[in-house]
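Quick one: structure below, then a few questions.
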Amino acid sequence: MSTTNIPTNTLWLGRWGFVLAATGSAVGLGNIWKFPYITGEFGGGAFVLVYLACILAVGVPIMMAEISFGRRGRGSPVDAIRRVVNESGHGGFWSVFGWMAMLCGFMILSFYVVVAGWAFSYLWKMLSGGLAGTSVDDMAAIFAANNANPFNLGAWSTLVTVLTMLIVGKGVQAGIEKSVSWMMPGMVIMLGILIGYGAFSGGFGEAWSFLFSFNTEGLSSEGLLAALGHAFFTLSLASGAILTYGSYLPSGHSIARTTFSVAIADTVVALMAGLAIFPIIFANGMSPGAGPGLIFMSLPLAFQAMPFGTLFGILFFLMLAMAALTSSISMIEATVAWLTDSKGMTRKQASWGVGIVLWLVSTLAMLSFNLGADWTLAGRNFFDWLDYLTSRWMMPLGGLGTALMAGFLLRNEVFREELGLSRTQHALWLFMVRYVSPLGIVLIFIDALGLATLKIATQWPWLLALLVLITVVGELVSPRLRQQAS
């Protein structure tokens, strides 16, 4: 199949445009506090090695498949998957995974803009002196008051929505690529400055030990599952972002090298965040396990006790706001691309049209913290339902569907041409995307739903036997599927 011709201004100017955009999508608010914390909790350097192995086994093969779908199909997740599947002789049913990915990204953004609004709100509070408090309880009261006011919280989430649509509306090169080309380096520079300050704060040695001590005893089965789950979710897989960004990747650029660059950059930035945050936390005698409260309660209190704390607090929340914005841009791009590809809308029309719907849905999510806190269904409010449906169901199912389509449904020539790997490398990727990645996603799915407590450390022989069984059955079934398509 010859790829659909698209204007050159809807392609990245180079491979690094994609790398910066995809890394910006991956580095979100969760990465700033969650990855460093779980690294320290589950064995430091030992956890990092296991996490990287999970990235290689689950994240990288799926990401390579998504980018291949995007570049081969040259369109939104819906259009790209339909075109690539049709090329292999199958019907349009499989585009349901494109619809799921596009809807998933929109739903995530609907509650994410509220969380991103916190970062912008705290940047303003740091600039205006609105974070005065003498205890964590005082900071908790400020955080609660911030969420209890629907006009305040709504204004900040609206600002995130407007900024996102302004950038996306300018297009791939003038909007997305131009913005991430300074926001991502800016984030790294600010992290570097904060790390430099932390090196003289008195808590750097303790933070280094927390993150990088090679403690295999701390690496429990729970830690293995945490590494597996974070490896999948951190790369923004199955949310439409990577597939759509892949559709803008020019031919001739190596998908494998690009994917590894994103995975490495995402991990490095997350560890840098840990080296920026935890020296301040340890130097002030605070707990590193405070979750989101670490960012919005403990750190603001620590900044007040530091020399030049206001300046470093402003740098930190500016960096956090940029991390939130780069993620927001990626999550809406799939929907905008679908409207421009399939409905003939201009990019500005599509962006602002989506923005209005996003604002309405995100307002309901925002009200879950104040006026609508009691509007619950089965014990969950609207914000919680958006999070639950996307993280527990749609993303794992979407990732599994991508792996099965790439591994079993489509002709080998499609991905061999796009990936450009050697015969041995392609065979390894095919094995991973057919068997290892789906098994990993199933484990993530089971653990996320709480259906069973998996003691991987003691049950690995059963998992290995299951992998062998799946491999045998898959190799028997796969030729028949491909024969039906030819």
Side-chain angles (χ1 to χ4, degrees), residues 3-28 66-67 69-81 83 98 101-102 105-106 108-109 112-113 116 158-187 236 239-253 255 258 262 321-359:
T3 55
T4 306
N5 292 322
I6 57 176
T8 56
N9 64 354
T10 58
L11 294 174
W12 304 115
L13 290 172
R15 183 171 70 94
W16 282 106
F18 173 86
V19 171
L20 290 173
T23 304
S25 175
V27 178
E66 285 202 18
I67 298 172
F69 268 114
R71 190 165 74 176
R72 188 76 171 188
R74 293 296 189 195
S76 68
V78 177
D79 297 319
I81 289 177
R83 289 166 185 157
M102 188 173 70
F106 182 86
I108 291 173
L109 187 55
Y112 189 80
V113 294
T158 299
L159 175 64
V160 176
T161 302
V162 171
L163 289 175
T164 301
M165 297 311 150
L166 281 172
I167 293 171
V168 172
K170 289 183 177 181
V172 176
Q173 293 178 5
I176 301 173
E177 187 166 7
K178 187 175 181 179
S179 63
V180 298
S181 68
W182 65 266
M183 280 195 284
M184 287 307 299
M187 280 178 55
S236 298
S239 62
I242 298 301
L243 194 152
T244 307
Y245 278 0
S247 71
Y248 308 141
L249 186 66
S251 301
H253 291 286
I255 289 177
T258 301
V262 173
M322 288 196 293
L325 194 56
T326 54
S327 296
S328 326
I329 292 167
S330 70
M331 283 183 279
I332 202 62
E333 178 61 20
T335 306
V336 172
W338 176 71
L339 289 173
T340 55
D341 289 349
S342 302
K343 302 302 177 183
M345 298 176 69
T346 66
R347 192 162 185 93
K348 287 186 177 180
Q349 289 173 337
S351 299
W352 290 108
V354 172
I356 291 171
V357 179
L358 174 65
W359 182 82

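Keep in mind that what you see is a predicted model, and the values were worked out from it rather than measured. Just the heavy atoms: all of them, side chains too, but no hydrogens, waters or symmetry mates, feed the values below.
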Quiz prompt | Close side-chain approach of W12 to I176, heavy-atom, < 4.5 Å | solution =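 When only atoms from C-beta onward are counted, I176 and W12 do touch, with a gap below 4.5 Å.
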
Self-check item: Heavy-atom pair with the smallest gap, counting every atom of T326 and V27
Solution: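 Looking at all heavy atoms of both residues, the closest pair is OG1-O, 4.1 Å.
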
Exercise. Mind checking the OG1-CH2 spacing from T161 to W352? Nearest 0.5 Å is all I need.
Key: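 Rounded to the nearest 0.5 Å, the OG1-CH2 separation comes out at 9.5 Å.
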
Practice problem: Nearest 0.5 Å please: distance from the CZ atom of R347 over to the CG atom of L339. | Solution: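 R347 atom CZ to L339 atom CG measures 10.5 Å (nearest 0.5 Å).
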
Self-check item: Nearest heavy atoms of L243 and G75, plus distance in Å
Solution: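 Result for this residue pair: CD2-O, 4.3 Å.
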
Quiz item: Do you know the tightest heavy-atom contact between L249 and R15?
Solution: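 Heavy atoms only, the tightest pair is CD1-CA, 4.5 Å.
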
Quiz prompt | P250 backbone acceptor or donor facing R71 side chain under 3.5 Å | solution =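 Yes, the answer is positive, given that a donor and an acceptor are paired below the 3.5 Å cut-off.
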
Exercise. Compare all side-chain heavy atoms of V78 with those of S342 and state whether any distance is below 4.5 angstrom.
Key: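 Heavy-atom side-chain distance check fails, nothing below 4.5 Å.
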
Quiz prompt | Heavy-atom side-chain proximity of W182 to M322 below 4.5 angstrom | solution =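 Heavy-atom side-chain distance check passes, below 4.5 Å.
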
Quiz item: Would you say S351's side chain and K348's backbone share a donor-acceptor pair under 3.5 angstrom?
Solution: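 Checking the backbone N and O of K348 against the side chain of S351, no donor-acceptor pair under 3.5 Å is found.
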
Quiz item: At what distance, to the nearest 0.5 angstrom, does CD of E66 lie from CD1 of I255?
Solution: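 Nearest 0.5 Å value for the CD-CD1 distance: 11.5 Å.
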
Quiz prompt | Closest non-hydrogen atom pair between V160 and T164, with its separation | solution =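 Closest heavy-atom pair between V160 and T164: O-OG1, 2.7 Å.
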
Quiz item: In Å and rounded to the nearest 0.5 Å, what is the OH to CG distance from Y112 to L358?
Solution: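 If we round to the nearest 0.5 Å, Y112:OH and L358:CG are 13.0 Å apart.
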
Quiz prompt | Exercise: identify the closest heavy-atom pair between T23 and M184 | solution =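 Nearest heavy atoms, T23 then M184: CG2-CE, 3.8 Å.
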
Exercise. Check L163, L109, V168 against S328 for a side chain to side chain contact (heavy atoms under 4.5 Å, CB included) and give me the one that passes.
Key: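 Between S328 and the candidates, side chain to side chain contact (heavy atoms under 4.5 Å, CB included) is satisfied uniquely by L109.
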
Self-check item: Spacing of I332 atom CD1 and M165 atom CE [to the nearest 0.5 Å]
Solution: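 Going from CD1 on I332 over to CE on M165, the span is 4.0 Å.
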
Practice problem: Mind checking the CD-CG spacing from E177 to L20? Nearest 0.5 Å is all I need. | Solution: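 One finds 8.0 Å between CD of E177 and CG of L20.
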
Quiz item: Name the one of S239, S25, S236 that satisfies side chain to side chain donor-acceptor pair (under 3.5 Å) with S330?
Solution: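 Of the listed options, the one satisfying the test is S25.
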
Quiz item: Are any side-chain N or O atoms of S327 and backbone N or O atoms of A26, one a donor and one an acceptor, separated by less than 3.5 Å?
Solution: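 The answer is no, because no donor-acceptor pair under 3.5 Å joins these two groups.
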
Exercise. Apply side chain to side chain contact (heavy atoms under 4.5 Å, CB included) to I167 and E333, showing your working.
Key: CA-CA 10 Å; I167 293 171; E333 178 61 20; over 6 Å; no

Quiz prompt | Nearest heavy-atom neighbours spanning I242 and F18 | solution =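 Answer, listing the atom of I242 first, then F18: O-CE1, 4.3 Å.
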
Self-check item: L11 vs R74 side-chain heavy atoms within contact, under 4.5 Å
Solution: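 Yes, side chains in contact.
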
